[in-house]
Every structure is written in structure tokens, then in C-alpha cells.
Amino acid sequence: MKERITKEGFRRKRGRIRLGLCCIFRKEPIRFRSTTAKHLLQFSRSEQLRKLSAVCLHNSKALLASLEFLKKNGIGAFRILSPFLPRYTHPDVGYTIDDLPDFQIILNNLKQAREFSQKHDIRLSFHPDQFILLSSPQKKVVENSIKELKYQAMLAEYLGADVINIHGGGAYGDKQTALAHFTENFQKLPAELQQRLTLENDDRSYTVGDLIPVCRDLNLPLVYDVHHHRCNPGKLTVEEATELSLSTWTVAGREPYFHISSPLRGWHGSDPKPHADFIDPDDFPECWKCLEITVDVEAKAKELAVLELLRELDK
DNA sequence: GCATGTCAAGTTGTG
DNA sequence: CACAACTTGACATGC
């Protein structure tokens, strides 16, 4: 900690680290809405679409408000929640954008969001949830996953988001076989989806060491989650994993994407996996501080945690 | 208003 | 063997 010189003018500058907010706000009154298939199914199709349209329209406005907040507060990235257009791929109530009565306003808002984020250099990303599995031995599971990924790729296209980040999925008793399934399924995806997909190490199955060969093979960037790494490190140190992950981005000339969080109840004794409200500055790897990277802050206090970490890194 | 149960989906590890 | 946790609560219902 000695190398941080506090004297004005000699302040050690952090690398251009862009901090990212994940999905929602703790205190700022910006809320995204959702709805359920069960609720929708009691109405006629046209009534369903009216309700869905209202929610999607609300969310498109909430996104614009989010970006405005990020710009004002120096936050450089935003992860868009998966049900931004809720139940889009649901087998019974799924829809396309132009089914929605307000689709023109919604599309216009998405276009505005893209222009705003480009103008103010706010990086947008997606993180499909735990059901999205390209490594599953079940054909139906992979099919549903691809359907959802295509939906997120469509949104990413409208919004100019460059990252759709997923995990390796289950190990199914044999990681190498599962990763072979992943590779096989990845190669069948449309190019516009392949271009955006990234792989993230997780806190139970796949370590950075497990994923690096797949990433090299498929030319796939690795989103390095240092909290997951500390829960499930494999053989690599944080410095080694950082270096390996960086190489998967720089080969494509893209800005690396990392994740940070702190354990809810500390590193000792109880389960370290659940996330804390804020980031303990000691959890932020020293070796990241001079890098030009995006770091998503996975903390329960959301924008408050991002702002606090920003201040901490500026010290 | 507020408490509570429910919501599309898969997999893993814990108690 | 049920259940919480996972990147994340929000919504609907009933009092």
C-alpha cells in the first residue's frame, strides 16, 4: 500500500479502469419491471401483448434513465438484466418486438440508448442466467439455451453491446466431455452470437485453467471473476489467471472484462460464495490497478458499491 | 400498506 | 434427499 503517494501531483494514477454496474439500483429510484407467464396466461393474447408492451416500454425508458445516471456518476459499464423484454422466449407467451403495440417507441428508445452509450463510452453487456447451458447433454436444454442467447444477441445488436457472458455450465461428472459438448454447440451458433459470447470461470466447476484451452480453441474471450477464482482457484494464482485472461482479449484487440465481489461473511469459516453489499478494497487485486479494463462490480449495494469503489481506487 | 408465496428454465453442494 | 444458491427480486395475492 506504500506505493500510493497521496501528495497532489504525484498521485499514482490507476489504469483506466472502467467500473460496471450490474442490472439494478439500490437507492436511485430506477426500477425495471417484469411479469410472469402464469399471470399473462389468464388473459387473451391481445391483452397479454398490451401488458408486455407496457413493461417493455417502461424498461426501455428505465434503461435510458440508467445510462443518464451512469454518465453523471462516472460509471463506465452497465450489465442489462436478462428479462429486459420479459418472457420473450417463453414457449406459451413468447413474442417478437413488433407484436408489441408500442414497438416503434421501444425500438426508438433502444436506438437512443445505443447512441447515448456510444457517445459517452458506456460499455453494455449481458449475462444470461443459470439455465443457459451449451455444455448440457440434454438436447432440449441446449435448444432452449440457444433460443435465449439469440434473443440476447438481438438486443445486443440493437443496443451495441459487445459482450454476452456465460458460464461453462455443469460438469456432468466429466469436465472434458462437457467442454467438448460446449465446443461442438458453440461452433453451430450464428456468427453474430459467436462474436459476442464470452466465457466466465465459476465458483464450483470451471476454473480459469479449465477454460483457457477452450477459449484459445474457439477464439473466445474469458471474463475473469476473481471472486469465483478465490472460491475455486484450481492451480493458478490471481496474477497468473489475470495474465491468461488478459491474453484472450488482447489477441482480438478488445478491452478485457473482469468481475469483482467480496464475500458476505468474510473469507474464513463460513461459505465465501454469497456476495457482500460492498467491495472490500483489499479484495481488489493489486495487479489490476494499472490495467485498462472493465470491471463489473457484483455487490448487493449496487450503484452505492460502484461509487464507493471508484472513490477507493482514486485515492 | 404489508407480509407471503410464487415465478420457465439446470446443476451443484450442503445440511 | 430437500433445498438454497447462482449475475438479480419483483409481482400477485390476500389480509
Side-chain angles (χ1 to χ4, degrees), chain A residues 20-26 30-43 51-52 54-55 58-59 62 66 77-95 124-149 151-152 163-175 178 181-182 198-206 223-228 231-232 257-265 269-277 279 294-303 305-306:
Chain A
L21 172 67
C22 299
C23 307
I24 55 174
F25 294 80
R26 159 75 61 101
I30 298 173
R31 294 289 175 271
F32 290 91
R33 294 185 54 203
S34 188
T35 187
T36 63
K38 188 168 181 174
H39 177 240
L40 292 170
L41 280 169
Q42 59 187 313
F43 302 103
K51 287 177 180 294
L52 284 162
V55 175
H58 171 96
N59 287 351
S66 303
F78 188 57
R79 180 188 302 178
I80 296 165
L81 69 179
S82 296
F84 182 77
L85 306 180
R87 307 290 83 85
Y88 190 88
T89 63
H90 190 279
D92 302 321
V93 297
Y95 53 98
L124 300 178
S125 73
F126 288 86
H127 196 357
D129 49 20
Q130 62 269 34
F131 316 107
I132 304 315
L133 301 158
L134 291 181
S135 58
S136 176
Q138 300 178 63
K139 206 174 158 192
K140 192 70 196 168
V141 171
V142 175
E143 258 173 44
N144 289 343
S145 299
I146 292 175
K147 194 173 169 197
E148 177 72 15
L149 286 172
Y151 145 68
Q152 300 210 9
V163 164
I164 300 174
N165 177 41
I166 60 173
H167 292 284
Y172 313 97
D174 177 12
K175 284 191 211 176
H181 277 146
F182 181 97
T198 64
L199 255 179
E200 179 189 343
N201 61 305
D202 65 78
D203 52 14
R204 322 178 169 256
S205 303
Y206 295 99
V223 171
Y224 175 44
D225 186 314
V226 70
H227 184 72
H228 290 162
C231 295
N232 179 29
Y257 215 124
F258 292 173
H259 291 175
I260 181 86
S261 32
S262 284
L264 178 59
R265 293 174 292 263
S270 51
D271 184 5
K273 291 198 284 298
H275 293 171
D277 276 353
I279 305 300
T294 303
V295 180
D296 269 356
V297 176
E298 293 183 340
K300 298 287 205 180
K302 297 297 168 187
E303 81 279 12
V306 181

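For the numbers below, each heavy atom of this structure counts, side chains included, while hydrogens, waters and symmetry mates do not. Order of the sequence lines sets the chain letters (A, B, ...), proteins ahead of strands, with each chain counted from 1.
A donor-acceptor contact under 3.5 Å is not formed by the side chain of A:S145 with the base of B:dA9. No hydrogens or angles were tested; on distance alone, a donor-acceptor pair under 3.5 Å links the side chain of A:R87 to the base of B:dA8.
Remark: P of C:dA10 and NZ of A:K38 are 21 Å apart, rounded to the nearest angstrom. Atom-to-atom, CD1 of A:I132 to C1' of B:dA8 comes out at 10 Å; the value is rounded to the nearest Å. Computed from coordinates, the A:H167 NE2 to C:dA5 P distance equals 17 Å when rounded to whole Å. We find that CG of A:L81 is positioned 9 Å from P of C:dA10, with the value rounded to whole Å. Between the C1' atom of B:dC7 and the CZ atom of A:R33 lies a distance of 16 Å, rounded to the nearest Å. Straight-line distance from the CD1 atom of A:I146 to the C1' atom of B:dA9: 15 Å, rounded to whole Å. Atom pair A:N232:CG and C:dA5:P shows a separation of 19 Å (rounding to whole Å applied). Rounded to a whole Å, the NZ atom of A:K140 is 11 Å from the C1' atom of B:dA9.
Closest-nucleotide positions on DNA chain C for A:P274 and A:K300 were compared, and the one nearer the 5' end corresponds to A:P274. Along DNA chain C, the nucleotide nearest to A:D271 and the one nearest to A:K302 differ in position, and the one closer to the 5' end is contacted by A:D271.
Between B:dA8, C:dA10, B:dT12, one nucleotide has an atom nearer to the side chain of A:I24 than all others, and that is C:dA10. For A:E148, whose side chain is taken as the heavy atoms from C-beta onward, the closest listed nucleotide among C:dA10, B:dT11, B:dA9 is B:dA9. When each of B:dT11, C:dT8, B:dA8 is scored by its nearest atom to the side-chain atoms of A:H275, the top-ranked nucleotide is C:dT8. When distances run from any side-chain atom of A:Q42 to the nucleotides C:dT13, C:dA5, C:dG9, the shortest one goes to C:dT13.
Contact annotation: A:S136 side-chain N/O to B:dT11 OP1/OP2 distance is under 4.0 Å. In this structure, A:H39 reaches the C:dA12 phosphate: one of its side-chain N or O atoms is under 4.0 Å from OP1 or OP2. One finds no side-chain N or O of A:Q130 lying less than 4.0 angstrom from the OP1 or OP2 phosphate oxygen of B:dT12.
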Determine whether A:L85 and A:N59 satisfy the following criterion, side-chain contact (heavy atoms from CB on, under 4.5 Å), listing intermediate values before the conclusion. CA-CA 8 Å; A:L85 306 180; A:N59 287 351; 6.0 Å; no

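As judged by a 4.0 angstrom heavy-atom cut-off over every strand, A:Q138 is placed among residues touching the sugar-phosphate backbone only. A:H227 comes within 4.0 angstrom of no nucleic acid atom, judged by non-hydrogen atoms across all strands. Residue-level contact check: A:E298 touches the backbone only, with heavy atoms under 4.0 Å from sugar-phosphate atoms and none from bases.
The six-membered or imidazole ring of A:H39 lies near that of A:F43, with a centre-to-centre distance under 6.0 Å.
Nucleotides B:dT4 and C:dC6, compared at atom C1', are 23 Å apart to the nearest Å. To the nearest whole angstrom, the two P atoms, one in B:dG5 and one in C:dA4, are 12 Å apart. With both ends at atom P, the span from C:dA12 to B:dA8 equals 11 Å, rounded to whole Å. As rounded to the nearest Å, C:dT8 and B:dT6 have P atoms that lie 23 Å from one another. B:dC7 and C:dC3 are spaced 15 Å apart, taking the P atom of each and rounding to whole Å.
Of the possible donor and acceptor atoms, one in the side chain of A:S135 sits under 3.5 Å from a partner among the backbone N and O of A:G168. Between the side chain of A:H275 and the main chain of A:A299, no donor-acceptor pair closer than 3.5 Å is present. A:R26 places a side-chain N or O within 3.5 Å of a backbone atom of A:K300 that can act as its donor or acceptor partner.
With both pairing distances under 3.5 Å, B:dC7 is matched to C:dG9 as a Watson-Crick or G-U wobble pair. Base-pair partner of C:dA4: B:dT12 (Watson-Crick or G-U wobble, both distances under 3.5 Å).
Under 4.0 Å is where a charged nitrogen must lie from a carboxylate oxygen, and between A:D271 and A:K273 at least one such pair does.
You cannot call A:F131 stacked on the base of B:dG10; the centres under 5.5 Å and planes under 30° rule is not satisfied.
Between A:S262 and A:H227 there is no side-chain heavy-atom pair separated by less than 4.5 Å.
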